[in-house]
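The model shown is predicted, which means the values in this text are computed figures rather than measured ones.
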Amino acid sequence: MKSLPFVWEIGCEELPAGWIPGVLRDLKSRFGEQLDEHRLGPAEVETYGTLRRLVIHVPKLSERQPDRREEVIGPPAHAARTEGGEWGPAALGFANRNGVHPKKLTVFHTAKGEYVGFVKETKGQPAQRVLPAVMAATLRQLGFPKFMNWDAEIPDGRGAFPFGRPIRWMVCLLGERVIPFTIQVDESRVRASNKTRGHRFLAAPGSRPGRPVVVGSFLELKRQLKRNYVLLDPSERLKALEDVLARLEVKAGARRVGPLPGLSNAFLANLVEWPGGVVGRYPEEFSSLPEEIRNTVLIHHQKYIPLRQTAAFLAVTNMPGDPKQYIRKGSERVVVARLRDAKFFWDEDLKRPLDSRRQDLEGVLFHGVLGSYARKVDRLRDLATELSSLCGIAEQAVTRAATLAKCDLTTGMVGEFPELQGIVGGLYAREQGESEDVWKAVYGHYRPLGLGDEEDFPLNAAGVLLSLADKLDTLAGLFWAGEVPSGSRDPFALRRAAQGVIRLLLEAGPRLGMELALSPEELLERTFERVEQQQGRRAKDPRAKKLLEEFFAERLRFVFQREFRYDEVNAVFALGPLTFPPEELRRRLTALATLRGSEDFEALSVAFKRVRNILSGGSPGEVDPQAFREEAERHLWAAFRKVEPKTAELIAGGEYVKALRELSRLRPQVDAFFDKVLVMDPDVKLRENRLALLHAMQSAFTRVADLSEIVAGAEAGSS
Amino acid sequence: MNLQELIMALTRFWAKRGVLVHQPYDLEVGAGTMHPETFFRVLGPDPWKVVYVQPSRRPADGRYGENPNRLYKHHQVQLILKPAPPNIQELYLDSLKVCGIDPRLHDIRFEEDNWESPTLGAWGIGWQVLLDGLEITQFTYFQQAGGVELAPISVEITYGVERLDMYLQGVDDVYDLEWAPGVTYRQVRHRDEFEGSQYSFELASVELYRRLFREFRAEGARLLKEGLYVMAYELCLKCSHVFNILDARGALSVSERTSSILEVRQLACRIAQAYLEATVTAESGEPVTKEAS
């Protein structure tokens, strides 16, 4: 089959840089799928793009669809003929419905018998006629994190066409020929053509920016774009950016700080079409500002790259040069203005001892019913101290840190940079001579903020306890006050708080060697009680505590389901998600996940579903070995008696994998039992005895987790 | 270019392209978006083109006249084009050229920034336009206003006039800006910056403003019942400003903030509905009010 090269450029207004890799991948899959759907596939599809254009290149696209030969099957042959051997009504009706002359009917010999049918031959359409449908479907299916309405319609009969950003031009060529494709936008149209656009502000010599550039192929598109200051290929653009940054480092005489989370070179390369950059400097007086503050200004606000040990940074630009130094000067001005603000606050704030701000917290409202932050600090201090004495850790530091933890909320710095709360408190504490344990605890007590980031954790044990106490107090306090989050509203970020608590309990051991053998049940209980005590009354809603527990259990489930399968989580949670420390839940989940896929284990969980169903509602009795009649039940009991104590010992020692393996050894006996023994025997004694046996086994088997929850046949690992 | 020249240059640029030049709204508002010329005009099917200057009060941004970059009240040039022209980005860049900005010598970028006004039930998708790292314009395709999905889509372009002019004049302190030949920003505005800040942060009577919030809201609801959606919207704006003062005063807890925003938003959404029900498009594109029933 002949093939032609195909190129399609979707030119749009600036897309968010962070979207581009995902969108290009999605575009590639969708277009490939649509080619297959429309019988022009399979074909190699390549995608390229910048923040202003998405490009599909298919080096070899079939010139036309293959001809199709289908066998359309109708009624069974024996019913279709008359006695004379002519086609009967069934066959004629079938031919009629399909718009086919009866003489085209024939008999097919299928595996199911003989059927009347006809051969349908469809000639393949030329690609240029099919491509518009492929393109329309691709555009419809393309996913973006957020869509916008821009009054656009594609003439595919499906009406309004939201997209990531407005599309302003398109190039679409199959071989040399422009594929007709139009998007209607209000009263105007975007029509596919052979004209692209280069860089917004720069053009090839002899041309002008904004003037359309004619191209005849993908290679020409790439080449012409490069001449007009657009690097289409993301990997080329990344390389160009890295070269620019390396060159600027030499010029500045300093290396970049890195790696920078959230500001990778790949991301920076997607912010521009033609990577350029400048070195910016700021006055030395601002070097004394802590790095955290300088970096917030440079990295988070401006997306600039700080340089090591120098009062300077690199700014990525979309221009090859900076002839009048406007870009450098402009970027410096912005940075200096913000640093000046920060320095002003730093100096002003430090004029007062941090703990003197504690009384100011009376005037900062935490919650209408719960009161001011000063009251929160009271609860926080008491709870944190209690937790630290329960764990035998750093009591004095924790108490002091709790007193200081929220004082930075009244500082000018946090007023200006709210994202630095906690960090600023820690820095001020350090500056004012607090001990390392104390300032580090304050510094890190808002962490973890999420679930994904390795670095996102308190710096020390005191910080962990403070963070725990703060999050628990927020949870208990707000639930007590009736602020229960819903599916769509969680204005106090209680989900995040609960997830933070869970993460702290799971990771404080491995990371900081802390032993926090505290169950959520106990923690929530203590915290809730403390709120009631301070507020002087119970919660208005008597279910408040229950709701809090359910909420927390749901968050535990959420966290664990990121790593384990839902049925594994169900199995372990059946024992009570809040009664064990999360670490303990994790050990059991790990054991289940490890044994998953082992045949014996899976077979046993099937058996135990059966056991659960048989036993539902009954009460256990005593097993009387004398009352057994069948070999199979005797063997099962004997095997169980041998395995059970061993298992119990292993469980007591926390060796769950070994315990479950041990239990799995009962598989042959369990299978034989169910094969040969009728549990619900009409003889009462036999029946009750067998039920008692099953009860004994069930309670042994559910000591690690409720194995009847495991869904057989599933693969190991998380879903 | 001094401040008044900049404002006139931008206004004239759009006036030449057939845009109606309106005037600032005569109530306290936090942004040009809140002006009825934006709030009402973006609703419904009728096209509209308007530009105006809007002094915008943001009590929480007050710095007593001492911060070179932050103002209690700054000025915006607000543009609404409905529907959005297909070459709107290019037109905008041309408007920068009349301010003396040669894009070949700068790094001008459209950086993702979506905008939301919870009190007005409005949000949009667009960018902040950066001029060498400085944000000078908010460029937004309105998606929703008053809780209503919009069609056609309006584009909103909001120039931050002081910021832009500080850049053009090469001045690091807003108060040093030349407003008119020989007259500085300081001379024109310093006293009201100071008093505005002191009032919002320290002296505003919390009791009075809480009462005003309740009463303005009730009055707004009452006017709406009478079918007076324009006047009801004025009361809504008053609520919004009162909220801003209470917020700057630190008088609102997180939950009070949330519930107050919700209340203003509910009123704004009902006003939007009333407007849509009452207006009918005439041939000329001018909304014609139905008889109030």
*Please test B:E90 against A:R200 for salt bridge (charged side-chain N to carboxylate O under 4.0 Å, His left out), starting from the C-alpha separation and ending with a verdict.*
CA-CA 9 Å; B:E90 285 75 25; A:R200 266 199 192 285; 3.4 Å; yes

Does any non-hydrogen side-chain atom of [Y] lie less than 4.5 Å from one of [X]?
X      : Y      : value
B:P68  : A:R340 : yes
A:P323 : B:L105 : yes
A:E13  : B:I88  : yes
B:E112 : A:E14  : no
B:D132 : A:R328 : no

Under 4.5 Å heavy-atom distance to chain B, tell me which part of [X] shows up: side chain, backbone, both or neither.
X      : result
A:F344 : neither
A:N318 : both
A:R489 : side chain

*Return yes if some donor-acceptor pair links the side-chain N/O of A:R333 with the main-chain N/O of B:V171 below 3.5 Å, else return no.*
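A pair under 3.5 Å: yes.
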
*Select all residues of residues 141-150 of chain B having any heavy atom within less than 4.5 Å of some heavy atom of chain A, and report them by number, or 'none'.*
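When heavy atoms of chain A are the reference, residues 141-150 of chain B contributes B:Y141, B:Q143, B:E149 within the under-4.5 Å range.
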
*With a 4.5 Å heavy-atom cut-off (strictly below), which parts of residues 256-266 of chain B touch chain A? List them by number.*
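Heavy-atom contacts from residues 256-266 of chain B to chain A are B:E256, B:T258.
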
*Using a distance-only test with no angle check, is there a side-chain donor-acceptor pair under 3.5 angstrom linking B:N69 and A:D341?*
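No.
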
*Give, as side chain, backbone, both or neither, the part of B:R109 having an atom under 4.5 angstrom from any heavy atom of chain A.*
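Just its side chain gets close to chain A.
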
_Please classify the contact between B:E135 and chain A as side chain, backbone, both or neither, with a heavy-atom cut-off of under 4.5 Å._
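When you check distances to chain A, no heavy atom of B:E135 falls under 4.5 Å.
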
*Before giving the answer on salt bridge (charged side-chain N to carboxylate O under 4.0 Å, His left out), spell out for B:R63 and A:E416 the whole-Å C-alpha distance, their side-chain angles and the decisive distance to 0.1 Å.*
CA-CA 11 Å; B:R63 295 286 185 270; A:E416 184 66 21; 3.3 Å; yes

